[in-house]
Number of protein chains: 2
Amino acid sequence: MSDKRKSTRRRRGSEQPTLQQVADAAGVSAITVSRALNAPERVNAATRIKVLATVERLGYVPNLVAGSLASARSRFIAVIVPSLANAVFIEVIHGLQETFEREGYQILLGNTDYDIEREYQLIRTFLGWSCSALVTAGLRHSEACRSLLTHWDKPIMEVMELGDALDLNVGLDHHEAGRCMARHLLAQQYRSVVYVGACLDRDYRARMRFEGHREVLHAAGLEAPMIELDQLGSLDAGATGLERVLSRYPSADAIHFANDDLATGALLRAQRLGMTIPGDIAIAGFNGLPLGQHVTPRLTTIRSPRENMGRLAAEEVLKRLDAKRVTRRRHDVGFELLVGGST
Amino acid sequence: MSDKRKSTRRRRGSEQPTLQQVADAAGVSAITVSRALNAPERVNAATRIKVLATVERLGYVPNLVAGSLASARSRFIAVIVPSLANAVFIEVIHGLQETFEREGYQILLGNTDYDIEREYQLIRTFLGWSCSALVTAGLRHSEACRSLLTHWDKPIMEVMELGDALDLNVGLDHHEAGRCMARHLLAQQYRSVVYVGACLDRDYRARMRFEGHREVLHAAGLEAPMIELDQLGSLDAGATGLERVLSRYPSADAIHFANDDLATGALLRAQRLGMTIPGDIAIAGFNGLPLGQHVTPRLTTIRSPRENMGRLAAEEVLKRLDAKRVTRRRHDVGFELLVGGST
DNA sequence: TAAAACTATGTTAGCGCTAACATGGTAGCG
DNA sequence: CGCTACCATGTTAGCGCTAACATAGTTTTA
């Protein structure tokens, strides 16, 4: 009798108080409660206080799913990275998270494991969540993914690398970074330099750096041998890389590693083998992770502004979401050659 | 005329095809499309093929927000960790992600930065997303959080440490780990052992290890001095820790660090200062990160099964979600003393 | 002082999907 | 052959919230 339900059908009621119940208890309408919570300035101060007190009293937790459906947008930001094992992405994520959370957005994190097909699947799923924006690492996507995204009308931010982006872009020039390090090695008079990377078909940014590196060596009339490992950046892989170089290119005087994990693994292994760095062989990396700066000698590397990249990317996306004018679609965050004692 | 809308009001139509449109195009009802996608075995094979082809043709992407609202559950798992800077949590997350994604669940990641109040806020928000389960690091929560969770009827998994949990629990005994390392150090004849931790009020598991450590030293009639750094686990902080020990406890013969990052930072700094390990001073850590196993000498540490912990936690939660019987609510994943050359 | 503009709140109608129940057809069985 | 059982599909009614429009009261403006 007291139940206003017209039908006898029951749906699983979740026990949780609803907005309507809060409204009834506070003696206002549902929309007023909604406004008190989501747009406080549109509600009279006294009403607002009364409503918020009721919310508190009933322990009301807003159903964000319902809110998102009604408003056709969620405060989710889809973030897609190729790996969690690499500290670089963690730092970018950290920068993104900090900035987005401050504005009340929640990150939906996806990990592709460097698989472009998985990226597509993840993006499909994420679009189903009515995300407010998408941040993804890199400019390369599958055809299906590309066409899915071109029909999507929310901000898309591609980070890490610089180039012809779908929408917004914050990153750095990996070709140029490769060139930069190669030039440094040549300037230091190394003449037999081996590049060591891992899974370069998947970690194609490392391949871009290799291409820049090769360009400079060729221009100087030198060979540009390369060794590709089949295990992604890790200290272990770096140790393996060193050993491969020693056996295949015994006359090598320097190794340019695709990242700091590999380089540091090699450096530590070399020291364990009793070699001196850079006397017996010089070692260079990429990323500028703290690790490389704590070994002796310090690792020569290229520092990319990782947290900054995340922060900047988030800020640009937020600008767009606030419907502010976006002055530049592309931001080059640059990089910095850190010359340590290892070269 | 062709618009079936009864009112002239328009809502922001998202252009995206809806389930109903797919149904119309395929000549079936909406619920059949829903079933073809979510419970294929409940639809005749021929119908299913027809529907899925239509889905493909129209580029239909299911609106997961609407689905979650209607079914009062999302395929989200809330995961809350105290830090992303620590590799340990990354590995746990990786283990969780792998296992949950295979079953079609999406992780909602929250980072508390070791702030118990932020944990409460995050959990509140996540409950608003109708998550299927919650995985959180640690057993300590704010009062408000605790009462929120006891009224929640979905699986709750507390990881990392072992003890009196709200629901499910996968972890290890940090007191015992601290005792274990202290016993090892005593067995190696070190008699002046300093414990070095960082922010022990927030990283209270490190404090638990210290308490175990202190217990063993006191039982042996020894002092158990401790130094607390104000910067969470990093190589830099470890280097600082070493210097503090050298100046405040010049007679110390061993340092027990709260984690491998600190320990390795100290080891590398000691070497840069020309000290020998363990001759001048012994160093021990906790976690068993690869890093510590690549320095020379290898770091003595305690290995926790991190990815495993994530995987096991996810499996237990999945069991519960499948309404399978959960035989044990508490799982001790244990740990392993790794004796390197640093002690 | 009447019209315009603004403020505070309410009413109505969905957002796109799925749970629950309903229906009609086919098979299985004694 | 009449019964139950089951299979495939459909109908109906919401899930809990917010956009859009509506309304009444108050202030500003010409």
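The sequence lines fix the lettering, A, B, ..., with proteins before strands; numbering per chain opens at 1. For the numbers below, each heavy atom of this structure counts, side chains included, while hydrogens, waters and symmetry mates do not. The shown structure was predicted, so the numbers you read here are calculated from the model rather than taken from an experiment.
Of the listed nucleotides (D:dG10, D:dG16, C:dT18), C:dT18 has the atom at the smallest distance from the side chain of B:S34. In the set D:dG16, D:dT9, C:dT11, the nucleotide with an atom closest to the side chain of B:T47 is D:dT9. Relative to the side chain of A:N44, the nucleotides D:dC15, D:dA8, C:dT9 differ in distance, and C:dT9 lies closest. If you check D:dG14, D:dC17, D:dT9 against the side chain of B:A70, the one that comes closest is D:dG14.
Per the geometry, CD belonging to A:E41 stands 15 Å off C1' belonging to C:dT9, to the nearest Å. Taking atom CZ on A:R73 and atom C1' on D:dC17, their separation rounds to 12 Å, with Å as the unit. Across the protein-nucleic acid pair, B:W129 atom CH2 and D:dC17 atom C1' stand 12 Å apart, rounded to whole Å. To the nearest angstrom, C1' of D:dC17 lies 10 Å from CD of A:Q20. Atom CG of B:L69 is separated from atom P of D:dG16 by 7 Å (rounded to the nearest Å). Atoms CD1 (A:I31) and C1' (D:dC21) sit 11 Å apart, rounded to a whole Å. Here the P atom of nucleotide C:dG16 and the CG atom of B:L64 are 13 Å apart, to the nearest Å. Atom CG in A:N38 sits roughly 5 Å away from atom P in D:dT18 (whole-Å rounding).
Taking the six-membered ring where the residue is Trp, the centroids of B:F100 and B:F76 are separated by 6.0 Å or more.
Within 4.0 Å of A:S68, counting heavy atoms only, lies no atom of the nucleic acid at all. Within 4.0 Å (heavy atoms only), A:V28 reaches sugar-phosphate atoms of the nucleic acid but no base atom. Looking at heavy-atom distances under 4.0 Å, A:R48 makes no contact with the nucleic acid at all. Counting any heavy atom pair closer than 4.0 Å across all strands shown, A:V43 reaches sugar-phosphate atoms only and no base atom.
No side-chain donor-acceptor contact under 3.5 Å links A:Q106 to the backbone of A:I77.
Counting heavy atoms from C-beta on, the side chains of A:N169 and A:M157 never come closer than 4.5 Å. Looking at B:V43 and B:T47, their side chains come closer than 4.5 Å, going by heavy atoms from C-beta outward.
Residue A:T32 has a polar side-chain atom (N or O) positioned under 4.0 Å from OP1 or OP2 of C:dG10. The shortest distance between the side-chain N/O atoms of B:S71 and the OP1/OP2 oxygens of C:dT18 is not below 4.0 Å.
The residue among B:R42 and B:Y60 whose nearest nucleotide of DNA chain C is located toward the 5' end is B:Y60. Along DNA chain D, the nucleotide closest to A:R35 and the one closest to A:T18 are compared, and the more 5′ of them pairs with A:T18.
Looking at A:E119 and A:T136, their side chains do bring a donor and an acceptor atom within 3.5 Å of each other.
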